[in-house]
Amino acid sequence: MGGAYWAPPVAERRELTGGQRQTLLITAVAGHGIKHMMNAAFSVLLPELKMGLELTNTQVGVLSTSRFFAGGLANFPAGYIADRFTSLRAIVLGLSIAGIGVTYFLAGITTAFWIVTLWTSLMVVSISLWHPAAIGSLSRQFTSNRGLAISLHGTGGSVGEAVGPLVAGGLLTIFTWQFIFQGAIIPALILGFFIWIVLRRVPADISQATSFAEYLLGVRELLSNPRLLLVLFFTGGFAGAQSAMYTFLPIYLREDVALESGTVGVFLFLLNIPGLASQPAMGYLSDRWGRKAVIAPAMAALGICYLLLGVVPEGASLIATILAAGLFFYPMMALFLAAASDLAPSDVQSTTVSLVFGVATLVGALAPFAAGRIADVYSLQWTFFFCAALVLATVAVAIVTRWERPRDPALAI
């Protein structure tokens, strides 16, 4: 690269107008909902794909592991691109949505296990483009109420996670899973184009990007921060359990509980509904009380819910446990993101987001494979005990670890 391109100016956050910030927030929240709706639909379609391709639980675990591993690797360059080329935000976010539809289509026209695994893994790569660009911008523009802004963004995702299974379950009563995969390309291309049209009118929120050398220095300083490493540790424990749970809960409901596809979608809808209220509430409380004061008890409650899923009988008890788990299932990630963003300067906010999601997806990549082996050797219910062990072990470390509380409560974890 030429010297003029890599000159070392100091990045400065550009304040957007009130209308521009509102457009950014609304579009980010809505787009996040769309992304998660398409992602959550895959969970309901997965049991049908498993039966259609005659896969074992271990193969399902391999498929999910490949998806999370690909997403984890993709997060790191996605974070760099979002921080280094902020002017490309509209293009990146539009391509993220469009790419999900394209990979859905490609996965729907093949029946070979490894080819389907490839396309569904590239689907997660496309998904990974969203978070660094969107959350990085929100974090820079809403510094005083970062937890709330990121939680609102997460709430949009929770809406998508709730609606996606219902849509997929309803479509499965009419169409085959292959037809749904193939048809996803049309709305994805339209919505991706619309997001690009809207966001291209919102200017980049960093006036001048950092040099590559300064960028690497910022990343090195981030990784040497023990408090950030603690946030990443929490994220890993949570994400491993979440990925295994979301892989095998619908299969457990479909095979062991013997629910129809549409009813499985309703149960996954119930898993997401409580988070619509708890996520912004937890984000607001973490802004006021500190991140740690909310994260630790919420993680403990989630671990107990996972444990109960392995022992409660079918019926009302199972529904109540799923609803209780839903209070924490998705809101936790917004808290991890806010806690990590508190520790980062404005010019590496997207990279910080990519670190959190990178760790989440890489650790999450290992858990479905392990859970799949556990399900084949023991039973699907044992995957819930595995998830509970991951979360509760993380909480145990939190209990015995002393953290200094900074003077600014907004920076507390």
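Only this structure's heavy atoms are used, side chains among them; waters, hydrogens and symmetry mates stay out.
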Taking the inter-plane angle between the rings of His131 and His32 on a 0 to 90° scale, is it parallel (under 30°), tilted (30 to 60°) or perpendicular (over 60°)? perpendicular
Do Glu161 and Phe329 come close enough that some side-chain heavy atom pair is under 4.5 Å? no
List the atom of Leu335, the atom of Ser286, and the distance in Å for their closest heavy-atom pair. CD2-OG, 3.7 Å
Taking it one step at a time, do Phe328 and Met299 satisfy side chain to side chain contact (heavy atoms under 4.5 Å, CB included)? CA-CA 7 Å; Phe328 315 102; Met299 284 280 283; over 6 Å; no
If only atom types and distance count, is the side chain of Thr110 paired as donor or acceptor with the main-chain N or O of Ala107 below 3.5 Å? no
When you compare the side chain of Leu106 with that of Met123, does any pair of heavy atoms fall below 4.5 Å? no
May I ask you to test the Phe113-Val116 pair for a side-chain heavy-atom distance under 4.5 Å? no
If you measure from CZ on Arg89 to CD1 on Ile91, what distance do you get to the nearest 0.5 Å? 11.5 Å
Taking side chain as C-beta onward, heavy atoms only, is Phe267 less than 4.5 Å from Ile319? yes
Taking the side chain as C-beta and beyond, is there a heavy-atom pair between Leu253 and Leu318 under 4.5 Å? yes
So how far is it from Glu48 CD to Arg254 CZ, rounded to the nearest 0.5 Å? 4.5 Å
If you measure from CZ on Phe238 to CE on Met333, what distance do you get to the nearest 0.5 Å? 5.5 Å
Exercise: identify the closest heavy-atom pair between Ala168 and Leu45: CB-CG, 4.4 Å
Under 3.5 Å, side chain of Thr65 to main-chain N/O of Phe369, donor-acceptor pair present? yes
When you measure from the side chain of Thr394 to the backbone N and O of Leu390, does any donor-acceptor pair fall under 3.5 Å? yes
Can you see which heavy atom on Met38 is nearest to which on Ala188, and at what distance? CE-CB, 3.7 Å
Rounded to the nearest 0.5 Å, what separation is found between the NZ atom of Lys50 and the OG1 atom of Thr56? 7.5 Å
Give a yes or no on whether the backbone of Phe42 and the side-chain of Tyr104 come within a donor-acceptor separation of less than 3.5 Å. yes
Side-chain donor/acceptor of Ser317 to backbone N/O of Pro313, under 3.5 Å: no
Tell me whether the count of non-hydrogen atoms from other residues, nucleotides or ligands lying under 6.0 Å of CD1 in Ile186 goes above 12. no
Here the pair of heavy atoms bringing Leu24 nearest to Ser137 is CD2-CB, 3.9 Å
So, Trp130 versus His153: side-chain donor-acceptor pair below 3.5 Å or not? yes
If I compare all heavy atoms of Tyr246 with all of Pro250, which pair ends up nearest, and what's the gap? O-CD, 3.4 Å
Evaluation steps, side chain to side chain contact (heavy atoms under 4.5 Å, CB included), between Thr383 and Tyr252: CA-CA 10 Å; Thr383 62; Tyr252 168 73; over 6 Å; no
Kindly give the heavy-atom pair with the smallest separation between Pro165 and Gly265, and that separation in Å. CB-O, 3.4 Å
I need the Leu63 CG to Leu118 CG distance, nearest 0.5 Å. 10.5 Å
Expected output: side-chain Ser66 to main-chain Val62 donor-acceptor under 3.5 Å: yes
Is it the case that more than 12 heavy atoms not belonging to Phe386 sit under 6.0 Å from its CZ atom? yes
Is there a side-chain contact between Phe385 and Leu309, using heavy atoms and a 4.5 Å cut-off? no
Looking at Thr120, is its backbone amide N or carbonyl O close enough to the side chain of Arg67 to form a donor-acceptor pair, meaning the two atoms are under 3.5 Å apart? yes
Evaluation steps, side chain to side chain contact (heavy atoms under 4.5 Å, CB included), between Val29 and Leu25: CA-CA 6 Å; Val29 171; Leu25 179 61; 4.0 Å; yes
Just so I know, are the side chains of Trp196 and Leu93 near enough to count as touching, which here means a heavy-atom distance under 4.5 Å? no
Can you give each donor-acceptor pair under 3.5 Å made by side-chain atoms of residues 171-182, sequence neighbours left out, with the distance rounded to 0.1 Å?
residue, atom, partner, partner atom, Å
Thr173, OG1, Gly170, O, 2.5
Thr176, OG1, Phe179, N, 3.2
Gln182, NE2, Gly108, O, 2.7

To the nearest 0.5 Å, tell me how far Leu327 CG sits from Leu271 CG. 10.0 Å
Flag the pair Met282 / Met332 as yes when at least one side-chain heavy-atom distance between them is below 4.5 Å, and no otherwise. yes
All side chain to side chain donor-acceptor pair (under 3.5 Å) counterparts of Asp256, not counting sequence neighbours: none
